[in-house]
Novice: 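Mind looking over this structure? Questions follow.
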Amino acid sequence: MPELPEVETVRRQLATRLPGLTISALRICDLKVSAQDQNELAALVVGRRVCALRRRGKYLIVDCEASLLIVHLRMTGQLLFKPEDEPRRPRYVIEFGPETSLFFYDVRRFGTLTGLPAAGEAAYFSALGPEPFSAEFSARRLRDELAGRRAPLKSILLDQRRLAGVGNIYADEALFRARLHPLRMGGSVGPREAQRLHAAILETLQAGIDHEGSSIESFVDPAGERGSFQEILNVYQRTGEPCRVCGTVVQRIKLGGRGTHFCPRCQPRRGGIAPTARHMRAVSRPPRTRQPPSFAPPQ
DNA sequence: AGTGGCTCCTGGCGGC
DNA sequence: TGCCGCCAGGAGCCAC
């Protein structure tokens, strides 16, 4: 599940190859990938030079002269420099002359591609919350964001309007690191706890970036390499396994439709919302273990 | 206003 | 063995 660290990993790799190249063609193979007409998309970027690769939350931005391509990987999106063998087909291909192409693969077909004139960027991202690593996202800001809120902490962290880039994996891991129960009401969090959570969010995201992302389902970088953050996860998808800190069995509940993992001892529920019967049912059923993707990275 | 829940989508897996 | 239905989840939308 590409979140901020995975998108940042992709961005960094693309940034070593794409700037200076000119987009020679944009081939949309799956029309569902964009709400825009493919000719309209192509007209915005074909013939333009790539100036920079940027990231905003979980969005990857290919900055062209006076226009942008905005890529969202959603659940299973992969941008690869090399095409895969059949039967996998890309949903779109961005060509940069005869030497370089970028192929977008996406099993669940949730990923999106958007083209915009540069002037449209601010409006496009207007509802998105602050970047975690920006000065705008301070401990104070987080505290103000939580104040008075009755929603569980986990739900608040996942809300991209409050904070951009945190998804299910990093929300669970950050809450574990902050020793805060995912069901704690936002408004019940004190100043010191908010400070702890702020630090935990930044540390967790930075660790994800340092490990080049989590390859739990299908994430690979544009060279086809897997990240390694999944190897040091504390709670995410570790249901029934001992907490790495205290040995207590890691639990799983369902919160806002998302699998939520925590250590009941390290993350006490004090001040939180009691799990409902539905939560408890989810606890007793560990997630199925998934086979690693059959996809073999290009040689 | 704030919040939960449904929808999109596919492959893997459990159950029968 | 084969089929059916459930499950995973980011973000947009809708209903309460």
Side-chain angles (χ1 to χ4, degrees), chain A residues 1-7 10 29-36 55-60 70-78 84 87-92 104-114 123-129 144-173 182-188 208 213-219 230 233 235-239 252-261 272-273 275-279 281-295:
Chain A
M1 283 131 278
E3 303 178 26
L4 186 153
E6 288 73 31
V7 179
V10 172
C29 315
D30 178 357
L31 294 178
K32 187 193 165 293
V33 79
S34 180
Q36 294 167 286
R55 181 190 54 70
R56 181 76 174 89
K58 303 175 195 172
Y59 294 86
L60 177 73
I70 301 172
V71 174
H72 202 303
L73 305 173
R74 292 283 184 100
M75 299 298 301
T76 53
Q78 300 173 329
E84 294 197 336
R88 288 235 302 175
R89 303 177 77 105
R91 298 186 68 207
Y92 62 83
F104 182 75
Y105 293 91
D106 183 19
V107 170
R108 284 183 215 173
R109 300 175 65 204
F110 280 170
T112 58
L113 180 68
T114 305
Y124 187 80
F125 291 121
S126 61
L128 205 55
D144 292 345
E145 206 65 73
L146 299 177
R149 300 285 306 280
R150 295 182 55 83
L153 282 177
K154 169 85 181 268
S155 304
I156 296 171
L157 292 187
L158 290 181
D159 187 346
Q160 302 299 298
R161 295 168 300 182
R162 311 273 173 188
L163 177 64
V166 174
N168 209 35
I169 300 171
Y170 294 91
D172 281 3
E173 293 296 314
L183 289 174
R184 276 283 296 275
M185 271 192 291
S188 78
S214 314
S215 293
I216 289 177
E217 284 207 46
S218 59
F219 173 73
Q230 70 279 5
L233 292 172
V235 287
Y236 186 77
Q237 288 201 348
R238 291 194 66 244
T239 313
R252 177 178 190 271
I253 58 174
K254 197 143 186 164
L255 176 52
R258 305 287 172 258
T260 297
H261 312 75
I273 302 162
T276 63
R278 203 144 45 91
H279 294 132
R281 273 203 299 280
V283 169
S284 61
R285 190 175 59 240
R288 285 195 298 270
T289 52
R290 287 175 172 275
Q291 293 300 314
S294 55
F295 158 63

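Both backbone and side-chain heavy atoms feed into the values below; hydrogens, waters and symmetry mates do not. Lettering follows sequence order; numbering is per chain, from 1.
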Novice: Give the rounded distance in Å between these two atoms: CZ of A/Arg56 and P of C/dG10.
Specialist: 18 Å
Novice: Within less than 4.0 Å of OP1 or OP2 of B/dT10, is there a side-chain N or O belonging to A/Arg109?
Specialist: yes
Novice: Choosing from C/dG9, B/dT3, C/dA11, which nucleotide comes nearest the side chain of A/Met75?
Specialist: C/dG9
Novice: Of the listed nucleotides (C/dG12, B/dT3, B/dT10), which one gets closest to any side-chain atom of A/Tyr59?
Specialist: C/dG12
Novice: Just N and O in the side chain of A/Lys254: are any of them under 4.0 Å from OP1 or OP2 of C/dA8?
Specialist: yes
Novice: By the definition side chain to side chain donor-acceptor pair (under 3.5 Å), identify the one residue from A/Lys154, A/Lys254, A/Arg252 that meets it with A/Thr260.
Specialist: A/Lys154
Novice: Have a look at A/Tyr236 and say if it touches a base, only the backbone sugar-phosphate, or nothing, with a 4.0 Å heavy-atom cut-off.
Specialist: sugar-phosphate
Novice: Side-chain N or O of A/Tyr105 less than 4.0 angstrom from OP1 or OP2 on B/dT10?
Specialist: no
Novice: What's the closest nucleotide to the A/Arg108 side chain, out of C/dG10, C/dA8, B/dT3?
Specialist: C/dA8
Novice: Does the A/Gln160 side chain pair with the main chain of A/Val166, one donor and one acceptor, at a distance under 3.5 Å?
Specialist: yes
Novice: In degrees rounded to 10°, what angle is found between the helical axes fit to the five outermost pairs at each end of the helix from B/dG2-C/dC16 to B/dC16-C/dG2?
Specialist: 60°
Novice: Whole-Å distance between C/dA11 P and A/Leu158 CG?
Specialist: 9 Å
Novice: Counting only N and O atoms by type, is there a donor-acceptor contact under 3.5 Å from the side chain of A/Arg91 to the main-chain atoms of A/Gly111?
Specialist: yes
Novice: Using whole Å, report how far CD of A/Glu3 lies from P of C/dA8.
Specialist: 16 Å
Novice: Tell me the ring-ring contact (aromatic ring centres under 6.0 Å, His included) pairs involving residues 149-171 of chain A, sequence neighbours left out?
Specialist: A/Tyr170-A/Phe229
Novice: Starting at atom CZ of A/Arg150, determine the distance to atom P of B/dG4, rounded to an integer number of angstrom.
Specialist: 10 Å
Novice: Just by distance, do the side chain of A/Glu173 and the backbone of A/Leu233 share a donor-acceptor pair under 3.5 Å?
Specialist: no
Novice: Please give, in whole Å, the distance from C/dG10 P to A/Leu163 CG?
Specialist: 14 Å
Novice: Distance check needed: C/dA8 P versus A/His261 NE2, whole Å only.
Specialist: 9 Å
Novice: Ignoring the backbone of A/His72, work out which of C/dG10, B/dG2, B/dC8 is nearest its side chain.
Specialist: C/dG10
Novice: Do the non-hydrogen side-chain atoms of A/Tyr236 and A/Asn168 ever get within less than 4.5 Å of each other?
Specialist: yes
Novice: Do A/Leu146 and A/Leu153 touch side chain to side chain, with heavy atoms closer than 4.5 Å?
Specialist: yes
Novice: With respect to the side chain of A/Lys32, which nucleotide from C/dA11, B/dC9, B/dG4 is positioned closest?
Specialist: B/dC9
Novice: For A/Phe110 and C/dG10, say yes or no: do the ring centres fall under 5.5 Å of each other while the ring planes differ by less than 30°?
Specialist: yes
Novice: Please give, in whole Å, the distance from C/dG9 P to A/Asn168 CG?
Specialist: 5 Å
Novice: Closest-nucleotide mapping onto DNA chain B: is A/Arg149 or A/Arg258 further toward the 5' terminus? I mean the 5' end.
Specialist: A/Arg149
Novice: In this structure, how many angstroms lie between the C1' atom of C/dA11 and the CZ atom of A/Arg162, rounded?
Specialist: 16 Å
Novice: Please answer whether the main-chain N or O of A/Gly186 pairs with a side-chain N or O of A/Arg184 as donor and acceptor at a distance below 3.5 Å.
Specialist: no
Novice: Can you tell me if A/Arg74 touches the phosphate of C/dG12, counting only side-chain N or O atoms and a distance under 4.0 Å to OP1 or OP2?
Specialist: no
